[in-house]
Amino acid sequence: MITLTGKKISEGVAIGKLAFYKRDIKEIKRIYVKDVEKEIQRFQRAKEKAVSELKVLYDLSIREVGEANAAIFEMQQEILEDPDFNDKISSLILEEKLNVEYIVQESVDILLNDKEFQKKGYNKGHEGDVRDIAIRLIRILSRSFKDKMFMDEPFVLAAGELYPSDTVQLDKTKVLGFVTMYGAINSHTAVLARTKGIPAVIGLGEVLKKDYEGKTIIVDGYEGKVYIEPDYSTLTKMKERRDAGVHQVRNLERLKGKENVTQSGQKIDIFANVGTREDIENVLRSDAGGIGLFRSEFLYMETGNRIPTEDQIFQVYRLAAESMGNNRVVIRVADLGGDKMAQCIDLGRQENPAIGFRGLRVMFEKEELFLEQLRAILRASAFGNVALLLPMITSLEEVIRAKDTIERVKRGLKSDKIPFNASIPIGVMIETPAAVMLSGELAREVDFFSIGTNDLTQLTLGLDRGSHRLSKYYNPYHPALLKMIRIVTNNVHLEGKPISVCGDLAADLSMTEYFIQIGIDELSVAPNQVLALRKKIRDIQ
Ligand code: PEP
Ligand code: MG
């Protein structure tokens, strides 16, 4: 048995076989092949598998996002089954004598410029979909973990580093847990693991070897330990720990329907954070008072290189709004940038992404994206109790500009006779020191506030929250931060507006009493942290 120690980022125990993540298209090598026939057969098999996957996706999408949005998967099947597509790839393999992965990758642009292909209209507005087909084929050929998610037994995923755009796509029914060599506790990968409730230990270092592929592994997300090929007694002990975790969760279930009130009668709301359609169901199960933070950016990170349409985004928001009934759903305008890079939106290369082109800055420069976001949020407001939250605020001017744009979108919807809530509440995130200093002025401009302690820590202490090396300096309890939280809360309350904490500190049970004392109105945490937080509140004198 080998024992490794890392950083725990998401609680729980996972036991299963280890599978290393093969990062998609970037790793493709150009390999000369002797047996071209065999290579063509590999292509045929991958193609058949891709078609059957697309059929599954089509059926699933019809149910979830409607026929119009599902049509894309039908068109991808059509391309894969097109004889011209088939002949082109097969003849390229024959001529070039190269591996099919490489040919598929290289042939995307050739195909898009091909006259026959163009006549069929596949190139117009569907470049991304053609590239998506190539990615799917290559994944199947290289048997990456996404392919495994379609067919194999559940497994524990291992990687050098997992980026948020990888993590957002993890299927919880297939990925039991994950371990990585690098990564930081406060990164969005960690946030996603907690939101999805996937046990995870990161930062194990180079001792996490590729040779462990296929071996039995235990991920202990409570202690930050990992056991490879565990001995009998460890396996028994960890199975008990896993079951105890389930038992503990069941015990907490008794708190469902109960108030978030201390022994002396002080109340605080508990809401949940989400990032994808799947998380919505977890909120319902968690008994949270609503959704306190919908991280919209994750909707752009789970579609690979295909930009989701306004309608697709709207459908997810609508589902959230309808599922929560009268309970509030706070939808944050996508905070793209930093470590939340979506493959489908090019933000260009940046020297310092953590303090770079992100948040509202991106929305102002990519106005079409901003307008789509606002339209989708406003449309969803007709289906429930939706509020709109603006990320990474640094000035009053930004808020005024955003509000002007919201008014413009409202006018457009009105003239198109599309229903929406004309008095939708507008709130801002407090996650920059500038927003803290301006909180009094901001409180006269907007309806509610949410403190993002993750970015506020990063920007106040001047360190990248995603940096493995700087983890030891990341101190969310720093007196400067606690003072900032207090100042903002007072300023906002002076104007009679409510304030929540939605960063990771909200779930830190050592902080609960403090938040109640200073008058925070709401804490928003990962769905599976809601009941533990309720228990903590109810235990406070
Ligand atoms: C935060 O910064 O604390 C926050 C809630 O936003 P995110 O973690 O998505 O950056
Ligand atoms: Mg933030």
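Fair warning: this is a prediction, and the values are worked out from it, not measured in the lab. All ligand and atom numbering here is 1-based and tracks the order in the structure. Computation of the quantities below employed the complete heavy-atom set of this structure, encompassing side-chain atoms and omitting hydrogens, waters and symmetry-equivalent molecules.
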Here the gap from Ser450 atom OG to Phe271 atom CZ, rounded to the nearest 0.5 Å, amounts to 10.5 Å
Closest to atom 5 (C) of ligand 1 by heavy-atom distance, out of Arg295, Glu297, Glu431, Lys340, is Arg295
Q) Are side-chain heavy atoms of Glu431 and Met392 found at a separation under 4.5 Å? A) yes
Tyr514 versus Arg486: any side-chain heavy-atom pair under 4.5 Å? yes
One finds that the ligand 1 atoms under 4.0 Å from a non-hydrogen atom of Met429 are 4 (C), 5 (C)
*N or O contact, Asp504 vs ligand 1, cut-off under 3.5 Å*: no
Charged N-O contact under 4.0 Å between Arg534 and Asp287: yes
In this structure, atom 7 (P) of ligand 1 is nearest to the protein heavy atom His188 NE2, 3.1 Å
Taking only non-hydrogen atoms of Arg465 and a 4.0 Å limit, the atoms of ligand 1 in range are 2 (O), 7 (P), 8 (O), 10 (O)
- Message: Would Arg379 pass as a cation-pi partner of Phe420, given that its NZ or CZ must be under 6.0 Å from the six-membered ring centre and within 45 degrees of the axis?
- Response: no
Should Ile9 and Arg194 count as side-chain neighbours, where that means a heavy-atom distance under 4.5 Å? yes
Below 4.0 Å from ligand 1: does a non-hydrogen atom of Val191 turn up there or not? no
If only side-chain N and O atoms count, and only distance matters, is there a donor-acceptor pair under 3.5 Å linking Tyr317 with Ser381? no
Within 4.0 Å of some non-hydrogen atom of Arg332, the atoms of ligand 1 are 4 (C), 6 (O), 7 (P), 9 (O)
> Between Arg241 and Asp220, does at least one N-O distance fall below 4.0 Å, as a salt bridge requires?
Replying inline: no
To the Mg ion (ligand 2), the closest N, O or S atom belonging to Asp455 is OD2
Polar proximity ligand 1 side, Asn454 side, N/O cut 3.5 Å exclusive:
yes
Subject >> Check: Cys502 and Asn273 side chains under 4.5 Å, non-hydrogen atoms >> reply: yes
Ranked by distance from atom 1 (C) of ligand 1, the top protein heavy atom is Gly452 CA, 3.3 Å
Quick note on ligand 1: atoms under 4.0 Å from a heavy atom of Leu293 include exactly 5 (C)
Among the N/O/S atoms of Glu431, the Mg ion (ligand 2) lies closest to OE1
At under 4.0 Å between heavy atoms, what of Gln458 touches ligand 1? The answer is neither
